[in-house]
Amino acid sequence: MSSSVTNSLTNVHGAIALAGAGKMGGAMLAGWLAGGLDANRVVVVEPQPSPEIGALAAKGVRLNPNDPGPADTLVVAVKPQMFREAGPALKKLVGSNTLVVSIMAGTTIAALEEVCGGMVVRAMPNTPAAIGRGITVAVAAKNVSAAQRGTADALLRATGAVEWVDDESLMDAVTAVSGSGPAYVFLLAEELARAGVEAGLPADLATKLARETVAGSGELLHRSEQDSATLRQNVTSPGGTTAAALEVLMGKDGMQPLMIRAIAAATQRSKDLAK
């Protein structure tokens, strides 16, 4: 994995167009404005803007202008299945030197170049971006300049950490691990609560215990310099209750083979969607 690039939004120049302002696009826009990006430089193209996005027009964001013209940077956050249909509208926002940053799952650099043109960065964020705690992995086409890569990094970093890779083929596994990953964590909280009910806890108490345990453990993992295996071992006393549970979860048919199969299935689906 190549080294990260760090750039402030103050280094982002020119007009920025955002195509698609749903949950992820909206989270990115909120991050840009909170980070000090001038709202007057932002064009948003969104057929069904939420009230929150509509309210940003009063702050200077140009929402669905008739003829915005090419932007210096276009961020594509439309649903992947709508991408080709939206192609003609997107192409109007792209000039010969426009940076195109896509956060659409399963959409290759080649497809973006075909439909939009421009200098393409393909990125995969995840939903914790909504609270500024996302993780995004990005890969740039060979014709993307260092300055454009810095612009992409700054825009993506507004919602969390950013890592860069040089091999686009890694993006399917990235999508499976971090793009889809929040759903696996939410499922863990869901099933932990369900198991608590089976063990005799009232449903509301089991739900609160599971929710706060998963959230708190995630925050501990975030703040700690120790790796996840060490943190797990710190909780586990030999012969204790945690050890008894981990013997099941780490058994032959436990979490490891299940997670490997799950990630493999998601990776393959990402590859299929890219075809």
Side-chain angles (χ1 to χ4, degrees), residues 1-9 11-12 16 18-20 24-25 27-28 31-32 73-80 83 97-130 132-185 218 221-222 227-228 259-275:
M1 191 169 284
S2 63
S3 59
S4 296
V5 179
T6 304
N7 273 276
S8 164
L9 285 167
N11 295 328
V12 175
I16 299 163
L18 173 66
M24 190 63 71
M28 293 184 72
W32 301 340
T73 302
L74 167 64
V75 178
V76 184
V78 301
K79 289 181 172 59
F83 170 52
N97 292 308
T98 298
L99 168 66
V100 176
V101 181
S102 165
I103 63 168
M104 297 182 294
T107 307
T108 64
I109 288 174
L112 287 154
E113 290 174 335
E114 176 194 344
V115 173
C116 296
M119 284 57 173
V120 175
V121 168
R122 177 183 175 186
M124 186 69 245
N126 63 5
T127 54
R133 283 287 303 277
I135 177 77
T136 299
V137 177
V139 58
K142 287 183 169 51
N143 62 352
V144 173
S145 70
Q148 288 177 321
R149 180 166 156 146
T151 294
D153 185 86
L155 292 172
L156 295 169
R157 199 170 290 277
T159 58
V162 178
E163 294 291 333
W164 287 83
V165 297
D166 297 319
D167 182 358
E168 187 183 3
S169 69
L170 297 177
M171 295 300 285
D172 297 310
V174 164
T175 301
V177 173
S178 60
S180 301
Y184 316 153
V185 177
L221 180 62
H222 175 68
D227 61 24
S228 55
M259 188 59 73
I260 288 172
R261 295 205 318 271
I263 296 300
T267 301
Q268 185 57 53
R269 182 57 180 156
S270 180
K271 291 178 179 177
D272 292 342
L273 289 171
K275 290 178 182 177

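Index from 1, following the sequence.
Counting heavy atoms from C-beta outward, Val121 and Arg149 have side chains that stay 4.5 Å or more apart. Counting heavy atoms from C-beta on, the side chains of Leu74 and Leu99 never come closer than 4.5 Å.
The side chain to side chain donor-acceptor pair (under 3.5 Å) test applied to Ser228 returns no partner, not counting sequence neighbours. Among residues two or more places apart in sequence or in another chain, the salt bridge (Lys or Arg N to Asp or Glu O under 4.0 Å) test is passed with Arg133 by Glu219. Asp272 pairs by the salt bridge (Lys or Arg N to Asp or Glu O under 4.0 Å) definition with Lys275, not counting sequence neighbours. The side chain to side chain donor-acceptor pair (under 3.5 Å) search around Thr107 returns none, not counting sequence neighbours.
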Run the side chain to side chain contact (heavy atoms under 4.5 Å, CB included) check on Val12 and Thr73 step by step: do they pass? CA-CA 9 Å; Val12 175; Thr73 302; 5.5 Å; no

Audit row: Thr151, Val101, side chain to side chain contact (heavy atoms under 4.5 Å, CB included) steps and yes/no: CA-CA 10 Å; Thr151 294; Val101 181; over 6 Å; no

Please step through side chain to side chain contact (heavy atoms under 4.5 Å, CB included) for the pair Met28 and Val75, ending with a clear verdict. CA-CA 10 Å; Met28 293 184 72; Val75 178; 4.2 Å; yes

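For residues 114-129, the salt bridge (Lys or Arg N to Asp or Glu O under 4.0 Å) pairs, not counting sequence neighbours, are Arg84-Glu114, Arg122-Glu168.
At least one donor-acceptor pair under 3.5 Å links the side chain of Gln148 to the backbone N or O of Asn97. A donor-acceptor pair is defined here as one N or O able to donate and one able to accept, closer than 3.5 Å; no such pair exists between the side chain of Trp32 and the backbone of Ala158.
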Could you give the side-chain donor-acceptor pairs of residues 169-183 under 3.5 Å, partners two or more places apart or in another chain?
from: Ser169; atom 1: OG; to: Asp167; atom 2: OD1; distance (Å): 2.7
from: Ser169; atom 1: OG; to: Asp167; atom 2: OD2; distance (Å): 3.0
from: Asp172; atom 1: OD1; to: Ser270; atom 2: OG; distance (Å): 2.7
from: Thr175; atom 1: OG1; to: Met171; atom 2: O; distance (Å): 2.8
from: Ser178; atom 1: OG; to: Val174; atom 2: O; distance (Å): 3.1
from: Ser180; atom 1: OG; to: Thr175; atom 2: O; distance (Å): 3.3

